[in-house]
Structure formats: structure tokens, C-alpha cells
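Everything on this sheet refers to the single structure shown next.
This structure is a prediction, so every number in the text was calculated from the model and none was measured.
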Amino acid sequence: MTIPVIPSTFFLTLLLAVGLFFFIKASVKERTEQQTICVPQDADTLLEQIQNYFHSRAYRAIAIDRQENSITYEGLVRPSWFMAIFLTLLTAIGSLCLGLVLSMAIPASGYGFLALVLFSPLAGFFYWQKAKRPEQVFLQLEAVRSSESRTESLIRVTAHRDELATLKQALASKQSENI
């Protein structure tokens, strides 16, 4: 006599394992976005601030196009220890659950399926290897507008979404310092 709960639990655990696989895969996905930022500063001052900002974040200019008013920066993205440990822990818990359900579904194997937990450091290793990559930031000064003694610069930035958020925050803090 089989217990009907075990097949349904196995199916749900298998679905969770598939979700965990795609979560680990998505942890190294490139998330490049493009945004236009309007800054109430003249272009020369703004470009100097941006160059200092990227230099402080270990980026270096690899291409400068004066006709297009664009700069391309490149830097190495460092993987996060927290994320590597977190993914390893999640994988250990997921493999433990899958091992327990498989041990209940196939009782003749004993608790041999619990050895799946030993593969959990592979998730952290995968993240560590794939997350460490060079990343480029493309920055273009599109237009300069003047209105009643105020100069505004319009910048188009193509970068990782986290880098964009940090850049916008840095530019906003520079603006509040200048006021």
C-alpha cells in the first residue's frame, strides 16, 4: 500500500528544485539598462565629477569619442561573498529536502539520497566563477540646455542597473552639496 502524500510531496519538491536551479542561474544574469539623467550642471564640471566617480569605483576609461561626447568605462565586477554563501545554503536545504523525499519515496535506498547535500557548494562555486566578469558603462552627453542662468546636462548612461542606481544617487548627493 502506497501513501498518496509521498508522490504529491515529491512532485512539489521537484518543482521547488527546478525553481532553485533557475534562481541560481539568474544570480549571474547580466542586467544592463539604459537611462537618461538630467543634471542641473554644466558639462565640464559634470564630466569631471563622473570621471572621479568611476575612478573611485575602479573603472577605467577605455574609449573616448569627442565627436559624440561619449566615454566607455570598464571595470571588473566582484562577486559577493554573501550571495555565494546564501546560494550554497539554499542549495544545501533544497538538496536535503529532495534527499528526504526521495528516501521516503524509494525506501529500499535508505538515506543514500541525503548525499545530495554534498553537491551544494557547487552552487556557490558556479556563482563565484560566473559573477566575476568585466562590465562596461557607456556614457554619452547628449545635450546641454540653458534656461535663465541655469545650465542642464542630459546624460544617457548604459550600465548595470545597480551601477545606474549608485550613479544617480552620487549625482543627487553632489547636487545637494552644490546648493
Side-chain angles (χ1 to χ4, degrees), residues 15-92 94 119-179:
L15 284 177
L16 288 172
V18 169
L20 177 63
F21 170 77
F22 283 108
F23 181 75
I24 293 168
K25 188 176 171 186
S27 70
V28 295
K29 182 181 174 187
E30 188 174 324
R31 291 170 175 85
T32 302
E33 293 181 1
Q34 183 176 12
Q35 285 189 359
T36 303
I37 305 169
C38 185
V39 182
Q41 288 182 349
D42 64 296
D44 295 333
T45 308
L46 183 60
L47 281 176
E48 185 178 324
Q49 286 179 358
I50 289 173
Q51 286 175 344
N52 291 337
Y53 167 78
F54 282 114
H55 182 67
S56 70
R57 296 195 40 95
Y59 281 85
R60 60 184 173 86
I62 59 169
I64 298 172
D65 187 358
R66 297 202 190 282
Q67 291 177 343
E68 294 286 326
N69 288 335
S70 65
I71 302 174
T72 303
Y73 292 98
E74 185 175 68
L76 186 66
V77 176
R78 285 187 249 146
S80 164
W81 278 103
F82 172 78
M83 191 66 163
I85 293 169
F86 180 67
L87 289 174
T88 301
L89 183 65
L90 279 181
T91 306
F119 293 107
S120 62
L122 291 176
F125 181 74
F126 170 78
Y127 167 77
W128 197 262
Q129 293 299 313
K130 296 289 185 175
K132 186 178 182 179
R133 64 182 180 272
E135 192 164 299
Q136 290 189 348
V137 176
F138 179 74
L139 184 124
Q140 182 178 17
L141 184 63
E142 280 196 4
V144 177
R145 294 181 291 195
S146 297
S147 61
E148 299 178 19
S149 74
R150 284 188 72 179
T151 304
E152 291 184 347
S153 300
L154 195 61
I155 304 169
R156 178 172 289 162
V157 184
T158 304
H160 188 275
R161 69 178 178 193
D162 295 337
E163 193 64 50
L164 281 171
T166 309
L167 176 63
K168 286 173 72 172
Q169 189 176 31
L171 288 174
S173 69
K174 290 289 183 184
Q175 286 175 299
S176 63
E177 287 175 11
N178 292 340
I179 294 176

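- With hydrogens and angles ignored, the 3.5 Å screen pairs no side-chain donor or acceptor of R66 with any backbone N or O of I64.
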Give the table of side-chain donor-acceptor pairs shorter than 3.5 Å for residues 73-89, with sequence neighbours excluded, one pair per line with atom names and distance.
unit_1 : atom_1 : unit_2 : atom_2 : d
E74    : OE1    : R60    : NH2    : 3.3
S80    : OG     : F82    : N      : 3.3
S80    : OG     : M83    : N      : 3.2
T88    : OG1    : A84    : O      : 2.8
T88    : OG1    : G124   : N      : 3.4

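- The side chain to side chain contact (heavy atoms under 4.5 Å, CB included) check on F126 picks up I24, V28, K130, with sequence neighbours excluded.
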- Message: Assess the residue pair Q51 and I71 against the criterion (side-chain contact (heavy atoms from CB on, under 4.5 Å)); give the C-alpha distance rounded to whole Å, side-chain angles, the decisive distance to 0.1 Å, and a yes or no.
- Response: CA-CA 9 Å; Q51 286 175 344; I71 302 174; 3.9 Å; yes
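- T36 is not listed as a side-chain neighbour of I155, based on a closest heavy-atom distance of 4.5 Å or more.
- Expressed to the nearest 0.5 Å, how far OG1 of T91 lies from CZ of F23 amounts to 9.5 Å.
- Rounding to the nearest 0.5 Å gives a distance of 8.0 Å between CG of L141 and CG of L154.
- A heavy-atom distance below 4.5 Å is found between the side chains of L47 and L139.
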- Trace of the side-chain contact (heavy atoms from CB on, under 4.5 Å) decision for R57 with E163: CA-CA 10 Å; R57 296 195 40 95; E163 193 64 50; 2.9 Å; yes
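- A 4.5 Å side-chain heavy-atom check between L164 and E33 finds at least one atom pair inside the cut-off.
- What you find for V157 and V137 is that their closest heavy atoms are CG1-CG1, 4.0 Å.
- Open room surrounds CD on E48; 12 or fewer heavy atoms of other groups in view lie less than 6.0 Å from it.
- Taking 4.5 Å as the limit, some side-chain heavy atom of L171 sits within range of a side-chain heavy atom of I37.
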- Do K168 and Q35 pass the side-chain contact (heavy atoms from CB on, under 4.5 Å) test, and can you show the C-alpha distance, the side-chain angles, and the key distance before you say yes or no? CA-CA 10 Å; K168 286 173 72 172; Q35 285 189 359; 3.1 Å; yes
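- Rounded to the nearest 0.5 angstrom, T166 OG1 and R161 CZ are separated by 12.0 Å.
- T158 is listed as a side-chain neighbour of T32, based on a closest heavy-atom distance under 4.5 Å.
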- Message: side-chain contact (heavy atoms from CB on, under 4.5 Å) for F138 and Q140? Distances and angles first, verdict last.
- Response: CA-CA 7 Å; F138 179 74; Q140 182 178 17; 4.0 Å; yes
- Task: Any chance you could lay out the side-chain hydrogen bond (donor to acceptor under 3.5 Å, both in side chains) test for Y59 and Q136, step after step, and finish with the verdict?
- Result: CA-CA 9 Å; Y59 281 85; Q136 290 189 348; over 6 Å; no
